[in-house]
Amino acid sequence: MSDTSPKPSSNLMKIFLRAGGQLREKLRPDTDHYTRKVEYDGEKTISDILKLIEIDQSFIAFIYANGEIKDFAYIPLDGQTITLQPPVSGG
Amino acid sequence: MGNGLAGATLHINLTSGEIKRVPTDEQFMREWYGGRGVTAKIIYDQVPRNADPLGPENIFILNAGVMSGSLVPAGSKVSFGSVSPLSNGHGDSNMGGHLGPALKFAGYDTVIFKGVSPKPVYLYIDDDKVELRDASKYWGMGSLECEPNLKHDLGEDFEIATIGPAGENLIRFSCITHDFGRQAGRCGQGAVMGSKRLKAIAVRGTGSIKVHDLKGLTKYVSDIIIRTQTHPNMAPWQKYGTAFFIDWSNKNGVMPTRNFQTTHFEDSKGIDGDSLVEKCLVTHKACFGCWMNCGKYTRATLPGKKPVYLEGPEYETGSLCGSNLGMKDINEVAYINWLMDNQGMDTMSGGGVVAFGMECFQRGLITRDQIEGQTLNWGSIDDVEHFVDMIVHRRGIGEWFAGGTKRAAQFVGQGSEKFAMQVKGQEMSGYDGRWAPGMLLAYMTCDIGAHHNRAWTITVDMAEGRETIDGRAKVVVYLQHIRPLFDCWCICRLFWGELDIEPEEIVQSLNYVTGWDVNFPEALRTSEKIWNLSRCHYLERNRSNGRTFDYPPARSWEDKIPSGPGKGKGLVKEQVEGMLDDYYSCRGWDSNGNPTRDVLEDLNLKFAADNLEKIGLLGQPIPGGIPEVRGERYKPKAF
């Protein structure tokens with residue numbers, strides 16, 4: 001994976017989405033085993049980005065970024081890495 | 001002695017005080033895989049069919065499997081088993097922590113208790129020294145008080161498992177507690193210990209376990225460490241454990257709320273993972289051989305009450321003692337978690353039982369006079385504390401609820417059976433199945449009663465369609481085969497479920513440890529054999545067609561979900577019947593839910609077929625024969 005530290009936003013945004021389990025298969029990683037680079041124009045919410053890549057958000061338990069839970073309205077910074085946490089399979 | 005095994009089995013007669021040490025039967029372990037499998041066979045063979053689960057003829061077993069205490073990731077578990085006082089059938093429950101490895105390091109794979117001690121005792125194991133010791137001074141102590149007292153008296157390096165007053169008083173949903181907050185919660189194993197006047201088990205082990213291929217195992221474990229450290233799920237799990245799941249469950253309309261009346265809790269933000277970490281977290285906590293540290297050691301602080309320390313609440317407790325009781329604040333949930341842990345009752349069943357009492361009170365089916373002038377209102381911490389005390393000490397109608405929800409409903413009557421949220425006497429886990437039909441089927445058909453850990457299907461329900469039952473049976477059967485394998489081998493399933501370790505890799509690690517040369521299809525088949533044996537055992541003890549016992553409470557099809565994202569959703573009775581028909585067909589059982597001779601003999605269970613035939617409960621032959629593979633591997637179509 002290349003440098004993922006946040007950078008000032010520009011029109012062309014690039015973020016890295018990470019996921020494991022069945023969600024990983026849906027994400028279709030292209031950067032490493034768990035990570036997909038997504039590029040888009042302008043600021044978008046996670047919800048919008050998921051629509052863009054056709055992932056149903058009901059399969060995501062929560063968004064995890066900067067060590068915190070974020071909601072689907074969160075707007076990633078350019079270059080940011082975002083983890084998509086699937087639901088637990090029952091402990 | 002075989003690889004992965006400690007070498008000895010202890011037979012302890014609590015009535016006479018006799019302790020016998022015999023070599024562990026490796027062939028028996030190989031055939032039944034240890035843990036839950038070994039327990040299932042021993043209690044099938046040795047407990048009389050009419051024995052009272054809380055009487056002297058029941059047997060209480062610990063088994064640490066073949067991978068607990070090895071290098072295998074999270075090889076931390078120990079399994080407890082007996083005939084369950086909740087279901088009156090096979091019962092097993094397991095816990096992480098450090099007790100399983102300690103037992104193995106002391107040299108023991110299995111401990112089998114029979115009889116009843118004339119006075120309270122605890123089992124003391126210090127490597128070769130094994131004694132029954134007087135537990136009079138600990139009797140009456142809460143679980144979370146007894147453990148530090150025993151450690152103080154014996155040494156910090158002893159691993160302790162103990163029961164609380166609930167177990168001593170034979171509350172049927174009592175648990176066993178270890179490591180200040182790890183529980184073997186389900187199936188009333190704490191009550192079985194209490195019935196035998198066995199207060200605790202204290203183990204110090206300083207030995208080691210031989211493995212078949214140390215080089216291969218070391219490489220395997222090293223690779224897993226590297227892979228999982230960078231896995232996307234690792235950091236969130238380390239921070240929140242399962243508590244993060246509250247929010248998802250709520251948003252997706254499966255959150256049990258006010259005794260499963262609805263599936264969406266309007267105040268869930270106050271009890272979710274963020275609240276836990278922000279308000280209660282003291283430190284993270286891991287079991288033996290695990291770097292995921294999903295355990296959260298916490299402090300609950302409430303006005304007018306002394307601060308208390310506990311492990312949790314994880315998701316199940318967070319839902320069943322949170323939204324299901326109408327609790328709006330994580331400190332309240334944590335306090336109830338501590339209360340039930342210390343009294344020694346399963347927080348899952350405990351939450352279910354108290355919620356049932358609250359709905360009875362809401363509907364006027366029990367009155368203030370019956371609860372000592374108190375109320376039993378949603379969201380009242382004082383009401384919960386008082387009612388739990390009535391139950392633990394069997395005061396008044398506390399006696400009714402001491403038997404669990406099913407038995408309480410028989411006393412309350414007045415139609416309350418409809419919302420007694422249990423199957424086979426065991427209370428439901430923290431997911432409502434009305435808009436997740438596979439989950440409901442998993443509860444209905446679970447061998448120990450309504451428990452999620454044998455099969456959890458909610459994402460499957462979402463992928464396949466939440467309002468259709470199509471395809472659900474085969475998924476449930478597959479999951480009921482793969483998930484219990486972890487309970488046989490006594491390792492945590494989270495590395496498989498959450499960190500993408502493939503089942504074939506886990507089987508390979510079993511081979512590195514044991515040299516057994518198992519493959520994954522064989523493992524599934526052995527698990528299927530255990531499942532069928534426990535089904536036969538249930539039928540032999542409860543003497544009716546299996547289908548009779550597989551229904552959930554009528555709320556599951558009579559009441560539509562009244563609010564939240566699932567508003568208006570729900571199943572109809574025909575769908576419940578249809579799922580049972582599909583399930584029995586997948587299993588090669590007849591339409592009465594009885595195993596057939598063909599399937600039992602295919603699994604080398606001819607003796608069980610003969611026993612069912614003698615009591616008229618052997619399934620009728622299936623026209624066209626049984627499926628060749630029962631429970632094929634599932635890949636969700638949505639992915």
Side-chain angles (χ1 to χ4, degrees), chain A residues 1-5 15-38 45-47 49-51 53-74 76 80-91, chain B residues 96 227-228 230-249 251-254 272-274 277-278 294 314-316 429-431 439 442 451-460 462-463 466 479 483 492-494 496-501 565 635-636 638-639:
Chain A
M1 191 191 333
S2 58
D3 175 22
T4 59
S5 58
I15 64 167
F16 297 90
L17 295 177
R18 307 189 80 222
Q22 293 169 345
L23 195 55
R24 188 190 75 83
E25 295 175 36
K26 184 71 176 169
L27 181 65
R28 299 190 301 277
D30 59 8
T31 305
D32 65 20
H33 191 65
Y34 302 113
T35 308
R36 173 172 172 181
K37 182 174 70 177
V38 181
T45 65
I46 293 285
S47 185
I49 296 164
L50 292 173
K51 280 181 195 152
I53 60 173
E54 298 178 328
I55 293 181
D56 184 339
Q57 69 182 47
S58 64
F59 290 99
I60 299 167
F62 64 80
I63 315 298
Y64 192 71
N66 296 341
E68 294 176 344
I69 290 179
K70 307 289 187 187
D71 61 29
F72 288 98
Y74 179 69
Q80 194 167 12
T81 297
I82 307 286
T83 296
L84 309 175
Q85 170 71 48
V88 298
S89 61
Chain B
R227 275 167 54 191
T228 56
T230 57
H231 192 284
N233 292 357
M234 181 59 94
W237 268 89
Q238 288 176 323
K239 183 168 181 180
Y240 298 103
T242 61
F244 70 76
F245 200 48
I246 292 277
D247 188 51
W248 183 88
S249 182
K251 281 179 179 162
N252 286 282
V254 291
D272 67 7
D274 261 344
V277 170
E278 184 184 324
C294 72
E314 34 57 65
Y315 172 77
E316 300 297 334
S429 303
Y431 314 92
M439 195 67 238
H451 188 39
H452 69 288
N453 89 331
R454 303 289 208 243
W456 187 93
T457 71
I458 295 173
T459 46
V460 176
M462 293 169 65
R466 300 179 70 169
L479 291 171
R483 293 172 67 100
C492 180
R493 71 171 57 79
L494 292 181
W496 160 70
E498 316 307 337
L499 297 176
D500 293 330
I501 308 303
K635 282 282 185 186
F639 294 95

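The sequence lines fix the lettering, A, B, ..., with proteins before strands; numbering per chain opens at 1. Quick caveat, the model's predicted, so the values are computed rather than measured.
- With rounding to the nearest 0.5 angstrom, the CZ atom of A/Phe62 is 12.5 Å from the CD1 atom of B/Ile246.
- The heavy-atom pair separating B/Pro232 from A/Gly20 by the smallest distance is CG-N, 4.0 Å.
- A/Ala61 touches chain B through backbone and side chain together, each having a heavy atom under 4.5 Å away.
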Check the pair B/Asp500, A/Tyr34 against side chain to side chain contact (heavy atoms under 4.5 Å, CB included), reporting the backbone distance first and the verdict last. CA-CA 11 Å; B/Asp500 293 330; A/Tyr34 302 113; 3.9 Å; yes
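- A/Ser47 pairs by the side-chain contact (heavy atoms from CB on, under 4.5 Å) definition with A/Thr45, A/Lys51, A/Gln57, A/Phe72, not counting sequence neighbours.
- Expressed to the nearest 0.5 Å, how far NE2 of B/His231 lies from CZ of A/Arg24 amounts to 8.0 Å.
- In terms of the side-chain contact (heavy atoms from CB on, under 4.5 Å) criterion, residue partners of B/Glu314 (sequence neighbours excluded) are, by chain and number, B/Thr242, B/Glu316, B/Thr317.
- Between B/Trp456 and A/Pro87, the closest side-chain pair of non-hydrogen atoms falls below 4.5 Å.
- Using a 4.5 Å heavy-atom threshold, the side chains of A/Tyr64 and B/Tyr240 count as touching.
- Heavy-atom distances place both the backbone and the side chain of B/Asn233 under 4.5 Å from chain A.
- Contact between A/Ser58 and B/Met462 at its shortest, heavy atoms only, is O-CE, 3.1 Å.
- Side-chain atoms of B/Lys239 and A/Glu68, non-hydrogen and from C-beta on, do get closer than 4.5 Å to each other.
- One distance of note links CG of A/Asp71 with CG of B/Asp247; it measures 9.0 Å at 0.5 Å rounding.
- Between A/Ile60 and B/Trp248 the shortest side-chain heavy-atom distance does not fall below 4.5 Å.
- Taking each heavy atom of B/Thr230 and A/Arg18 in turn, the nearest pair found is O-NH2, 2.9 Å.
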